[in-house]
Structures are given as structure tokens and as C-alpha cells.
2 protein chains.
Amino acid sequence: MTSNIHDVAAAAGVSIATVSRVFNGQRVSPDRAKRVRDAARRLNFSPNRAARTLRRKHSEVIALIIPDVENPYFTAMARGVEDSAQRAGYSVVLCNTDDQDEKESQYLRIAVSENMAGVVVVPNGPTPDLLSYVASGRHVVAIDRQLDLGADEVLLDNVAAGRMATGALLDAGHRHVGLVTGPSHLSSAHDRVIGWRAAYGERGLEVDETLVEHGDFRVAGAREAMRALLGTGAEIDAVVAGNNLSGIGAFQVLARAGTVPPAFGFAIIGDLPFTTMVSARITRVGLPAREMGIRAADMLIDRIGGHGGGPRTLTLQPEILPVEEDWTV
Amino acid sequence: MTSNIHDVAAAAGVSIATVSRVFNGQRVSPDRAKRVRDAARRLNFSPNRAARTLRRKHSEVIALIIPDVENPYFTAMARGVEDSAQRAGYSVVLCNTDDQDEKESQYLRIAVSENMAGVVVVPNGPTPDLLSYVASGRHVVAIDRQLDLGADEVLLDNVAAGRMATGALLDAGHRHVGLVTGPSHLSSAHDRVIGWRAAYGERGLEVDETLVEHGDFRVAGAREAMRALLGTGAEIDAVVAGNNLSGIGAFQVLARAGTVPPAFGFAIIGDLPFTTMVSARITRVGLPAREMGIRAADMLIDRIGGHGGGPRTLTLQPEILPVEEDWTV
DNA sequence: TTGTACGCGTTATCAC
DNA sequence: GTGATAACGCGTACAA
């Protein structure tokens, strides 16, 4: 059923070495090369990756490890990684950890035993397995979360994101802007708080630290956080949702409470393809998720290609999206 | 760096055959097995998948080929496939085709040269590559779209889905219920039209065929279709969105036109984790995407395990979701 | 430029 | 139950 280089060699009347060379871009006389290609096509031959991997010690597959396949932010990243990878001849395996360290470790182990070329990971934390994977000299690019792993990183300027979202609300006249952010152990969640604080400071306004609530960067947690925020009795007339899913949760609670924009200010860090279903005016801070994926994959491929040197960090900038709906045609 | 069974065998004082047997669950005396396990742990050994694949003729990875990673419907499927696969010891490679036949073919080729155990595919159409992949006797389960490939299928009762959504609107008193569906070459899009038509028929109502518009099952196409529907001048007081993304597009156009529920009836076949952001009362027909993924993977694994016989078809049922927001706690 | 021969790490088939 | 040993399909010294 499946043909191998021997079959092709026989059909083309050359040695297997020649066939191999043709498929690896090495010098072969034109006529022989043509004979090989013809035979290969005729036999529907395609090189066996397992054998190649076994021989070469690494495959042309890279793993992308993300916390949640159902979050558009991460799938956008995935597309970016895929784009770059494909261009360079690599396939991408998408691995979903559900925020569980154990699953992350499991995928790392698979990456090892499958001899994968490298890993792009949205790290959950500095887990032993991740640390040792990096330490073992394998190729890793961390993305979205700062962790001092000693690996290359592609990050977001989260402080700027927090500042932009909060600033827009303050500039719109709101004075008590709350923040529903994520788990404080995540640099992304943490930095957005710093940005939130900075927005007040830059305008000479006083900060009320009780207006920060930590959710889980998911819908359910954001709902709870938003309820808590409204329940404290503290004065509040606007809120920044720390990420896209938090935006949904927070908005649901607000809508139910009848406190909707524009009376109550609302901004989301991150984007939802779905935001435009809501007629309310929502401030959105766009995050270059896809671009991050592209750059991460590029860095990884670069390393695989033998690029040495210490860990590099690339930080991308967010941008305020126009309030106008973007699909006007 | 990476140890192999020889190292383990030496460390444990046994033959490599014994090591192999331990790792494949074959009978080995308890004490020797323990020695092997200890040595393996000490050496941080994990079996080389490339070698195993080369030898066994197939790997423990299955490919899931979907048209759009950013569509929650397909990512929900992906989670289902992942769940089943993982339980059976398989990894899943997520492949995104963007509705392009060529990309689908490419992934199929990769599946071959990587010796993947099998493929779960949301087929674009009966392309030559897909047909020949199936014909070559490899394991395939088609999902979501009916195509007569000669492979196992996991489908949805799309006629029922169309009927339910349309019926709910008719029963709510609307009399001119339109339909924004997908490309007519997709069985899913086509069958939903049949269901739409049936809902009228069952109630003894007359059908106005001009109220069906074919989009592309994506947001942009649905916007156009919805505009077209409103622009015909035909009487229309409600609409069924043929899938989740169409729901967004159609709703955007409606909202802008000021024709919103409940005055204008609106139903979506499919679900959006995001629908609840909208205060409008929207009828939703829930689709068991995750379940479909689970069943598809189960069928595939079953085949891989040697289950013979002709192609099987499994059809799952949709269900009307309560209009109440489902996150009430 | 081309061909021969060996090894990559594992599983499976033998004998024992 | 256990151990030698022959594949699996490919890449690459090395020799020609």
C-alpha cells in the first residue's frame, strides 16, 4: 500500500541514496532527479515521517500548549502560530491544558517522546516539568505570560492595556472605574492592575484599591467578581473587564442589574468577535493575539534552525479599537 | 540526554525485550518488572514514539480536520474528540482548513506520512484526496456533514433542528419566518431548509420560498443574506439563523435596522457562549457538538482497534434551549 | 555525482 | 517468562 524509497529507487533505476537526496534537496543530476520524481509520483510515495524522525532525532512538528481552546484569544494565537509554522514546513499540534498543570506536563512529555522540534507554550506557572524541559536545552517559546523560565518570550504590554482601557473610561468622565481582572499569579492579570492604577495616577486622580476584583479570566469567575464589586457598596460608575471572557461575565451581571452603558462605563481588554451583537457602547482594547502567535513561532523556528544566544523577549503593544462597529460596509 | 531501552535494560540487568514488554503491558515477573520501572524512572526514560511508530506502522495520534478553529461549534467538537482520544491514549492534532479543499488535502497527506492512526474530518466535499484516503482503507470518521464517502459518520438531525427553530417562532405567533442558512452544497445547510419548510407544513401554513437566503455560515455572509432578506420587500416578521455565526451576522443587521425581538422573532440554530450578552429574547436550538466529537472519536478508536463491517451512521438530536439565561446561580 | 552499508529505538518472532 | 535478533524506512558516512 505505502511505498518506500526502495520501491521508488527500483522504479527509477537508481539507488535509495539518490532518492533520499532528491527529497532532501541535495545535488543530484537533473535527469536522474526527474526519473525519481516521476517514479515517486507514480507510486504515490511520500516519505515516512517516523523513519525520518527516528533518523534525524527531531520531527517537523511543533506543539502549541494553550489553557483553553474555546477562548478566541488563544485560538487567534493558534492561527498565527499555524501560519508561521506552515510557511516553514512545520505542522502544529494544538494542546489544551484547561489550566491544569498536570495536563501541561503530560503534553510536555509527549513532546519529548514524539521528538517534537519545539514548543510554544502559554505557561500556567513555573512548574517543575516546564522548567526541566527548558533546562534540558529543548526549544521553547513562552507566550502571553512572563515567568522567568530562561526561555524566549513573546509578551504583551499589559500595563499599557490596563492604562488604555481605564484611561478611556476616565476620559469619558467616569470617576470610579473598577477592574475585574484574573488570578494574581498571572503576570497578565497583575500588570493590567498596574496599568489601571497608572491611569488614575497620570490624571492626578485618587485610586480606590477596593475597586479591583480578581476573577479567573473566565466567564463564571468574572460574574462573581462583578457581583462582588457591585455588592461592596463602594461608589462605582464604570468597570474594565480584564480579558475577553471576563467581559462577557461582567456584562451579563451589569445587564441584569440594569446598569448598562453609557450611564455605566464599560471597557474590555481583549476582543470578542461577538461584541458587536451588543448595541451598548463598549470600549475595546485590541490585543494582537495572532501577531503574537506569528512572532512566537518565528522565534521558535529560528532557534530550531540553530540560532544561539540568551533568552529574548519581545513585547507587543495593544491598541484602542474604535467604538464604531467595525463591520460597516 | 534521552535514554533508550538499552540503557534501561542495562541498568535493570535485563534484556531489552523485557523492558519493551513492561512498557506494553505484557507478562513479566513482578520483581523484574519493578527493577525495570525503577531504572526507567531513574533514567527519566520514555519510549521513543518515532521508533514505535516505525515499527508498529501507526502512531497514537489522530487528526481532527475542521473548517474553522475560531468557530465555537467546532472547538466544542474538538474538546469532545480530545476527551475520548485522551482516554484511549491518543493525542489529537487539530487541523484547520479554512474551508479550503487544498488545505484539507495537505493535512490528509500529512496524516499518511505521519502514519496517523486515523482521521476525524468535517468534510468540505467529496474531494478526490478524501475519497482516495478512505478508499485506501485508512480509518476515517466524517462528522457534521453527510457525503456518502463510504466512511463512518456522526451527524446531526438537521431537519429536526430547522423544524424546531422555525416551529418555535411560528408557535410564538410569527407568520413570516425567514431563514439565513449556509452554502447549499452542505448537507447541514440544506437539511435545515427542509426542516424550516416542514415546520410550516406541519402547521398547515403556506411556505414562502423567497424567505430562504443562503449565506456562508460565517458572520459576513450572514450579514449580506440578512440584508438581502430585508431588502426584498417580502413580508417578514422573524428569522432563523442557520448556525451560530450566522446568528451574529443576522442579529447585527437586525439591530441596526431596529428590528429586534420580541417584535421581530429571532432564533439561532446552534449556540454561542456569548448569546447571553444580548438582552433580547433569542430562541436557541442547542447542538450537541461536544457529544458529536466524543462519539466520532469513539467510533474511530473502535475501528483502529480492528472493528470491521460496513460504514455506520450515528445521528444525534438537537434540543431547544430554555430562553431563560442559563447562568442563573 | 552515485552507491553501499550501517544505525536510529522500538516491537515481534523466534527459540530457550 | 525470558533473551537474542531481525525487521521497520530513512539519512548519511564512506568509498568509489
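Naming: A, B, ... by sequence-line order, numbering from 1 per chain. Below, each value reflects all heavy atoms present in this structure, side chains not excepted, and no hydrogens, waters or symmetry copies.
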May I ask you to verify if any side-chain N or O of [X] is less than 4.0 angstrom from the OP1 or OP2 atom of [N]?
X	N	value
A:N24	D:dG11	yes
A:T18	C:dG3	yes
A:K57	D:dG11	no
A:S15	C:dT2	no

*Base of D:dG9 paired with side chain of A:R49 (donor-acceptor, under 3.5 Å)*: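 Not at all, since no donor on one side and acceptor on the other fall under 3.5 Å apart.
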_Any donor-acceptor N/O pair under 3.5 Å between C:dA12 base and B:R55 side chain_ =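 Not at all, since no donor on one side and acceptor on the other fall under 3.5 Å apart.
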Nearest whole angstrom, please: distance from the [atom2] of [N] to the [atom1] of [X].
X	N	atom1	atom2	value
B:E60	C:dT10	CD	C1'	12 Å
B:H6	D:dG3	NE2	P	13 Å
A:I16	D:dC10	CD1	P	9 Å
B:Q26	C:dA12	CD	C1'	9 Å
B:R21	D:dG3	CZ	P	8 Å
B:N48	C:dT10	CG	P	5 Å
B:R56	D:dC8	CZ	C1'	13 Å
A:H58	D:dC10	NE2	P	17 Å

*Please assess B:S29 against B:D31 for the test side chain to side chain donor-acceptor pair (under 3.5 Å), listing each intermediate value before the final yes or no.*
CA-CA 6 Å; B:S29 72; B:D31 57 322; 2.9 Å; yes
Salt-bridged, [X] to [Y], with N to O below 4.0 Å?
X	Y	answer
A:D98	B:R79	yes
A:R35	A:D38	no
B:R295	B:D298	no

*Using a cut-off of 4.0 Å on non-hydrogen atoms, how would the nucleic acid contact of B:R52 be classed: base, sugar-phosphate, or nothing?*
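Touches sugar-phosphate only.
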_Classify A:V19 by what it touches in the nucleic acid, base, sugar-phosphate, or nothing, heavy-atom distance under 4.0 Å._
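Nothing: the residue A:V19, judged by heavy atoms under 4.0 Å, touches no strand.
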*asked:* Five pairs per end, C1' atoms only: what is the angle between the end axes of the helix from C:dT1-D:dA16 to C:dC16-D:dG1, to 10 degrees?
replied: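 Nearest ten degrees gives 40° for this helix.
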_For a side chain to side chain donor-acceptor pair (under 3.5 Å) check, start with the C-alpha distance between B:H58 and B:N115, then their side-chain angles and the critical distance, and finish with the verdict._
CA-CA 5 Å; B:H58 75 260; B:N115 297 298; over 6 Å; no
*Tell me, with the steps shown, if A:D302 and A:R312 meet side-chain contact (heavy atoms from CB on, under 4.5 Å).*
CA-CA 12 Å; A:D302 191 40; A:R312 299 166 291 180; 2.9 Å; yes
*Output, in order, the C-alpha distance, side-chain angles, deciding distance and verdict of side chain to side chain donor-acceptor pair (under 3.5 Å) for B:E153 and B:T313.*
CA-CA 5 Å; B:E153 298 174 318; B:T313 296; 2.9 Å; yes
*Nucleotide of C:dG3, C:dT1, D:dC10 approaching A:R27 most closely (side-chain heavy atoms)*: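 That would be C:dT1.
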_B:A50 vs B:A17, nearer the 5' end of DNA chain C by closest nucleotide_ =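 With B:A50 and B:A17 compared, the 5'-side residue is B:A50.
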*Could you grab the distance from atom OG of A:S91 to atom CD of A:E60, nearest 0.5 Å is fine?*
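A:S91 OG to A:E60 CD: 8.0 Å, rounded to 0.5 Å.
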*asked:* Let me confirm one number: the CD1-CD1 distance from A:I301 to A:I62, rounded to the nearest 0.5 Å.
replied: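 Those atoms lie 5.5 Å apart.
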*B:Y73 side chain to B:D68 side chain, donor-acceptor N/O pair below 3.5 angstrom*: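 Note: B:Y73 and B:D68 side chains miss the donor-acceptor criterion.
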_DNA chain C contacts made by residues 29-41 of chain A, counting heavy atoms under 4.0 Å_ =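 Output list: A:S29, A:R32.
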